Protein chains: 2
Amino acid sequence: MPDREAAQDQALKAAEELFYSRGIQAVGMDAVRNASGLSLKRLYQLFPSKEALVLEFLDRRDRRWRQALAHHVDARTTPEDQVVAVFEWLHTWFSEPGYRGCAFINSFGELGGISPEVAARARRHKQAFRDYLVALVTATGRPAALGDQLVLLAEGAITTAAITGTSQPATQARDAARLLMLAYSRDNGERPDVSQQTGE
Amino acid sequence: MPDREAAQDQALKAAEELFYSRGIQAVGMDAVRNASGLSLKRLYQLFPSKEALVLEFLDRRDRRWRQALAHHVDARTTPEDQVVAVFEWLHTWFSEPGYRGCAFINSFGELGGISPEVAARARRHKQAFRDYLVALVTATGRPAALGDQLVLLAEGAITTAAITGTSQPATQARDAARLLMLAYSRDNGERPDVSQQTGE
DNA sequence: TACAGTAGAGAACGATGGTTCTCCAGGCAA
DNA sequence: TTGCCTGGAGAACCATCGTTCTCTACTGTA
């Protein structure tokens, strides 16, 4: 029998391509079969159901995505640079052909309301990203609250880039991130005053 | 014959409830029939296909959403307050029971890859929101670039609130927005320096 | 050569979905 | 009253989907 692991890899590669580009419900197991070159029988030997394939697809994507991000960030030396590198990496991601947003946001929107498992994967993925970014931010000596704000910039850039079809949001988010880092830098005190300076 | 307009309203109300909470493909026309109290025959008299119903649902949601936002913002007097009011409105939106993110982001993720019409509605909706927010920002005397950054904060808050199930992202986004408005205020010059202050 | 086990190709099956059709009840003009 | 139109309820129809089954070909072994 051909290597089980290799076959799983083939299936998941095909599934990722299809699920990401067309959405999950729009892709039948027949399409996965054609794209992967595996037989339906083999597919169901490797994954007991489509749901299982979907969850594996998400897990695999989560791992790869975070690895790719960390790899890019690790190339930088200072903590500040590492934070900025997150947004630079977003830019290269957005520029990939076929970029269509975050697979977790997309599958949450599509299936989060009817599949608790899918919703949980999305939560886990976003939580991991948040923890990662907050760690980078606190390494610069700035508060976790800034990390949460940068998460919002990154998430906003991800969906805006997908819908508008440009990678510009990454640059805008990076610039905003730099301003916020400046606002939270020691020169301005650890806790910039956001209380009502605009009136009300 | 019962009022055509009233029947359409009934159908759209039911469709919105179902599509938003469960996703579009997961909701059959049978479910819309049951929820709306209309017969299938009547439904197909009012909308030639499910696709037409979906597009009408999106158009209607776009109108209502922007109206609700504008209504909240209009209650404020100063331009700065109006910008902040956007994020306060997000907070009340996120706090609604059954909040599950932006219907346009969700349907873009679900159908954007296979339905150009749905993708176009998402683009239009986001473009309108962007234009609105940029107009509010430029009314304060600040550059449009800040508006784009605030859009990212808002979009990020929308999806983060949906996936985490909290309304806290609205507050975080509002605080970040205040800091960015401060950074762009006349005291700091019209164009804050974001060039490489973090090195590299 | 005979045989057991595995895999591939694709038909088959049961469920569901979008869409249409049938049949019947009720209102209303002549 | 009679005939006609509209609408409701739901069956019917056809395609698709997830999943399983059948049949055949092949490989390795005694």
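Throughout, protein chains are lettered first and strands after them, A, B, ... in sequence-line order, and every chain is numbered starting at 1. Since the structure is predicted, the reported quantities are computational estimates derived from the model, not experimental observations. What's counted below: heavy atoms across the whole structure, side chains too, no hydrogens, waters or symmetry copies.
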Original post:
Tell me, do B:Y132 and B:L69 make a side-chain contact under 4.5 Å, heavy atoms counted?
Top reply: yes

Subject >> Consecutive-pair stems (at least three Watson-Crick or G-U pairs, under 3.5 Å) that include DNA chain D >> reply: C:1-30 with D:1-30

Subject >> Note: B:R178-B:E80 ion pair, threshold 4.0 Å (strictly below) >> reply: no

Original post:
Roughly how many Å is it from CG in B:L38 to P in D:dG10, rounded to a whole number?
Top reply: 14 Å

**OP:** Return the value, rounded to whole Å, for the distance between atom CG of B:L43 and atom C1' of C:dT19.
**Re:** 12 Å

**OP:** State which residue, out of B:K126, B:R121, B:R124, B:H125, fulfils the side chain to side chain donor-acceptor pair (under 3.5 Å) condition with B:D62.
**Re:** B:H125

Original post:
Which part of the nucleic acid, if any, lies within contact of A:L40, taking any heavy atom under 4.0 Å across all strands shown: a base, the sugar-phosphate backbone alone, or nothing?
Top reply: base

Subject >> B:I163 reachable from A:F129 in the ILVMFWY side-chain graph, under 4.5 Å edges >> reply: yes

**OP:** Name the residue closer to the 5' end of DNA chain C, choosing between B:K41 and A:K41 according to the nucleotide with the nearest heavy atom.
**Re:** A:K41

Subject >> Donor-acceptor pair between A:R64 and A:Q67 side chains, under 3.5 angstrom >> reply: no

Original post:
Are more than 12 heavy atoms from other residues, nucleotides or ligands located less than 6.0 Å from atom CD of B:E17?
Top reply: no

Original post:
Would you say B:E56 has more than 12 foreign heavy atoms packed within less than 6.0 Å of its CD?
Top reply: yes

Original post:
What nucleotide, of D:dT19, C:dG8, C:dT19, holds the atom closest to the side chain of A:Y44?
Top reply: D:dT19

**OP:** Is it possible for you to check whether A:R100 lies under 6.0 Å from the centre of the six-membered ring of B:F108, through NZ or CZ, and within 45° of that ring's axis?
**Re:** yes

Original post:
Quick one: CD on B:Q10 to OG on B:S36, what's the gap to the nearest 0.5 Å?
Top reply: 6.5 Å

**OP:** Supply the atom-to-atom distance B:I24 CD1 to B:E51 CD, rounded to the nearest 0.5 angstrom.
**Re:** 9.5 Å

Original post:
Going by heavy atoms closer than 4.0 Å, what residues in residues 45-57 of chain A are next to DNA chain C?
Top reply: A:Q45

**OP:** May I ask you to list the residues of residues 10-34 of chain A, by number, that have any heavy atom positioned under 4.0 Å from an atom of DNA chain D?
**Re:** A:V27, A:G28, A:M29

Original post:
Angle class for the B:W89/B:W65 ring planes (parallel below 30°, perpendicular above 60°, tilted otherwise)?
Top reply: perpendicular

